[in-house]
Amino acid sequence: MSVELSSPDLKTDEMIINMGPQHPATHGVLRLILTLDGEICKHVEPVLGHLHRAQEWQGQNRTWFQYQALIDRVDYLSGMYTSWAMARAAEQIDGLVVPKRAEYLRVILSEMNRITSHLLWLGTYLIDLGAMFGFPFYPFREREKLFDLFEEVAGQRMMFNYIRIGGVLRNPPFGWFDKLKRFTDEFPDRIDEYEAIVTENPIFLKRTKGVGILKKETAMAYGVTGPCIRASGIPLDLRKTKPYSVYPELDFKVQTMDGDGDTWARYMCRIREMRESNEIIRQAIEKIPGGTTEELRKLLGTTGPEKDESKDLDPSFLLMAKKQNAGLRVKAGEGFAAVESPRGTIGCYVISNGSDKAYRFKWRNPSFCNLSVLPELLVGAPIADIMAIFGSIDVILPDVDR
Amino acid sequence: MTETPAPGNKPAEEPKELTAGPFGEFLREHGIASTRLPDSTGVETVLVEGKDLEAALKRLRNSQETELNYLVAVSGVEQADSFESVYHLWSYTNLKELVVKVRVAKSAVPEGKLPVVPSLANFWPAANWHERESYDLMGIRYSGHPYLRRILNPWDWEGHPLRRDYKQPVDSLNDKNPHSMR
Amino acid sequence: MFALVGRSIESLYQVARGLKTVFKHTVRPPITKNFPDDMPDLPGHFRGRLALAVNPQTSEHLCISCLQCERVCPDKCIQITSHKSPETNKPELIEFKIDHGLCMFCGLCTEVCPTSCIINTNDFEMADYTRESLVYDLKRLTLSQDESAHYFAKKELPMPKPKPPKPAAKPAAPAAAAKPAEDKPEAKPEVKAEAKPQDLPAAPAPESPKKEEQ
Amino acid sequence: MTSSAVPYNLNEIGKFFLLSGVWLGIIFGAVWAACWAVGMLVPQLILNAYPNDPCALNVANAIRLLTPLVGVMVFIPINAMYMVLAERRGLALFTVRKGPNRVGPDGFLQTAADAVKLLFKENINPHGGDVLMFTLAPIIFFAPSVFGAIPLLAAVTSNHDLFKIVNLPTGIFYVLAMSSIPVVGIVMGGWASNNKYSLVGGLRSAAQAISYEIPLVLAIITTCFLVGSLDVVNIAQMQKGTDNLASFGFLNWNFFGAGAIPHYLDLLMQGKLEGAQVVTSAFWSLALAFCCILLCGIYLTGACAEINRIPFDLPEAESELVSGYNTEYSGIRFAIFFLAEFTNLFIVSTVAVVMWFGGGATPFPGFLDANTFASIATPFNQALAQAGLPPLMDGQTMSGAFWAIFKTYALVYFAILVRGTLPRFRIDQLLDFGWKKLIPLSLILLLAVTYIRELV
């Protein structure tokens, strides 16, 4: 066989590789059918649904009260937000006004949850980039601390089941706010440490700068939300653009990045968001009506839970606008509510017919929508960048597949 | 809510005519007929014909006045007598929101066929996966979709699980099977 | 050329900064806990294995067979068998089964229980060899009087009122007292005296009892 | 929340050092005992048994010749076991964890348990794979590191009588030649696995090894050129400094310009420099030292790439290629891959120590040098002599071995620290870095060193 190596007729074949669903870096069970030319990606087809649990069907076949316990599992890294989206949808339909204290507790716990989610992303993203052994443990350390706090107030570390239709489940225990305050004090230093290791690291810069560029127009056309689109320069953050809950009372900035929105910008955006969330928590602790649990107890003049039934209670100190019981019903109507989750707009479209079950549930999951832009980003990228790009859009597969 | 009668439990139908909201006016100015539906929790809701859908959404997306350039979700809904495809439109730049619905009456769907709604995926990639999902779970065929394939269920799945008349298959991992592994 | 040299030096500096930060962690104490040796200090509200409490004062079984938990369970993992007592005309508990293999520890059953009978304990080590052994029956579920007292204090549950004395022998009583202690060694430690607040105002407190009590 | 109260972690650090000390004691005890038995005890026993038999003399000598091989054979597996444990515990220290601490006292036997586990696991042949190649690959990967290590034995033992035999006049070339063979094993393993990820990993490895071999060899050649020898023993000995320079300790190392700085200081103290010469000489000495530091850096970078350590672990890039060439391996074959990886790390560190960090020379004259060790060894030797047995070892060898190993492990720990910090390159960036940065730099250094050498 005489083949001229420089000839354009040199016969090469495209290689088709199945990346996933059991690949270590597909964050669970995403399957990417890659068509490779050498190490360059020619075509990508994501195959979803390996983790499909029929969350919408379950919502329609369980009572509101039961389904509240399930929806943390839709996006298990930020369970507060799925709960919150559904609670908001139901509250909108029902016309409930959630007490102030409950809203503040929601904000505090959700921002904590945002931090844990971003921390997990940070750790796993560095694993995707190959820093397998050292760095990823540091974000997880802080995450554990937050999970301990979650455990004290909600009962479990990830499946909170804390935000309920009309309020929240319970007040944090004594000393909880102090612990949280201590965490917010030390957390910025920890982020500084992460940044010292990662942000300016030449290898990290090489791997991320100019890689996986997501243009504004593309991002908007695909309905990308969350840090991904903020890194592309569009200040879409529902906490500011469509303010809900008590966010208007809190002082914070939407973190956007200039430039094209490459992988590094998405990284940086999340780092800044963590700092911002930390500030939000700090402010919310200051502003929460009734103060810490100890102060609230003192205010109410009660010592134990038996006497909490006092009637002359300031309504903003309540936790629930609607009594939670097994026969919880929501008025007939339809509504769409969205909250800003760590991954973007998480929306819940609910049609209720007044019974104790919803007539139709539809989740608008940020991961699902953000993932749809992946084939666009991956074409032309080498195989090593697939993980850098895929990791940077931060999808969580249960959220994609529901 | 008029359009949410569950089988067996339906509120009274309100025949009174609703006046067109700002978006309805906007659509009419551009020659697209629309019907105002009751607001969904304070957001204007319009019903458009399937054939007008693409034109309407292109207008709403590209026009300077509206700039509804953020397609939040496409949901398939099965009502008592119709299938609906619901489009939640937001804006990246301003606070406007709109809900657009397309209805296909069940009586208009031939036996053994799926209800057909025109697809947006060709000019609005955000709709691509949402429409696939809606097709997969609710069985609404989006005509003109570039790659209308099941997305959450396996490719060889039979039936559309969120339909009210869907029968769950009995397999080894299923409670209904007497030899269930559970 | 100089730019290249400058960039190289900058890069080396940044790498060195990273290495220094990592090396600094050597002197930080580890966050690892030696798990079986030192058990985590779980909060009272931790949602662990489900159990049935007895009255901490009188060691009566608290379950009134109202079937609320069975109905609310999203996983349908609770199975209650009861019959109507001929003497008192009230339901009496015969068997109570929880399939912990199905349970997802959402805690809804504990929220609806009118007598605070079913509670989430702090026990989370339930690994077993068969699926069948994950199905806990009444005997394995019922806590001893000490354990009940411990959890009632830890969760700040209101003390239940003793049931009115019954003329007939209680079928549920034998299970209540005879609970082997080694089942839950880690739950034994001293009852914490410090007050932990629970549901402050209007939490989803056990809704008005007697509602389902026929 | 409570962790920030106590900023010190002396407990864990202490445990780490204790564990290292015990393991190192075991390693050297075992190697020493094996070498002593094969090289001294057995020949002496044979000679004692057949005092005047020429045949026995030949047999004794033949057995004596086996000493280096036995030493290496004993050393490598135990050493790899320790290094795996040290890596895991070291990384645990850097990442605020505890690391393996269950098997044996405080995790002491973790790797032994792992080794046993791997030995008993099933060898799986991938479907459609080439079984012969698949089996040979780990051996080809592993064997060169064993044989490549042998000349270094002479260097680290200060050319002890027993190890003289393995010293080659072109020892460093032999080591380099051997170190380039393992890549064949990787490519074979990747090919024979019948797995696309493995194949990509194997090919990446080939590309990487070829591109990083050049700067690595150039760095070593430049240093050899500067020193004027290819003999590892010679190179190591020279860094002790000649008689009048020996008091400068670590400044004599090739790392600091192959004796240029001590030479300059010596001249300065003797007052032999005058006028502008004081400055120019100093400048050129420092320039040479700087070049040597760069050379060492190039070598370490290239070596990292040669042995596939982070940040150059592309052939097994876990997040991209699952595990690269060893995806399909299991059981003893995987164990051999694993063993070879750590052995290679040790060997490249030893080469660096011999080439740049003074081999067995003490960094500070008089600190733990031959005399100190001689005073430790004397009582043992006397006791053995009374029992009619050959002496254990002399102070010179002990000191050399101690310092060479000490420095080698210092480099190994540095590699662990790097592993704990840096992310991985991308393959094209890696090749760019190799071809466009390191190779030109090493060529420039070769020229610069040639020039500066004449000026110093």
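Letters A, B, ... are given to chains in the order of the sequence lines, protein chains preceding strands, and every chain is numbered from 1.
Atom CH2 of D/Trp191 has 12 or fewer neighbouring heavy atoms from other residues, nucleotides or ligands inside a 6.0 Å radius. By the 6.0 Å contact criterion, OH on D/Tyr413 is enclosed, its count of non-hydrogen atoms from other residues, nucleotides or ligands being greater than 12. The number of heavy atoms from other shown groups lying within 6.0 Å of CD (A/Gln22) does not exceed 12.
Both the backbone and the side chain of A/Phe204 have a heavy atom closer than 4.5 Å to some heavy atom of chain D. Using a 4.5 Å cut-off between heavy atoms, A/Met15 contacts chain D through its side chain alone, with no backbone atom that close. Residue D/Leu422 touches chain A through both its backbone and its side chain, counting heavy-atom pairs closer than 4.5 Å.
The candidate from A/Leu126, A/Ile197, A/Asp148, A/Asn201 with the greatest count of non-hydrogen atom pairs under 4.5 Å with chain D is A/Asn201.
Applying the side-chain contact (heavy atoms from CB on, under 4.5 Å) rule to D/Ile307 yields the partners D/Arg309, D/Asn344, D/Leu345, D/Val348; only residues at least two apart in sequence or on another chain are considered.
Here the CZ atom belonging to D/Phe94 is positioned 8.0 Å from the OH atom belonging to A/Tyr138, to the nearest 0.5 angstrom. Within the model, atoms CD1 of A/Ile203 and OG1 of D/Thr421 stand 10.0 Å from one another, a figure rounded to the nearest 0.5 Å. Atom CZ in D/Arg426 sits 12.5 Å away from atom CD1 in A/Ile383 (nearest 0.5 Å).
Residue-level contacts of residues 192-200 of chain D with chain A, in order of numbering, are D/Lys196, D/Tyr197, D/Val200; threshold 4.5 Å between heavy atoms.
D/Pro423 has its side chain out of reach of A/Arg207: every pair of non-hydrogen atoms, C-beta onward, lies at least 4.5 Å apart.
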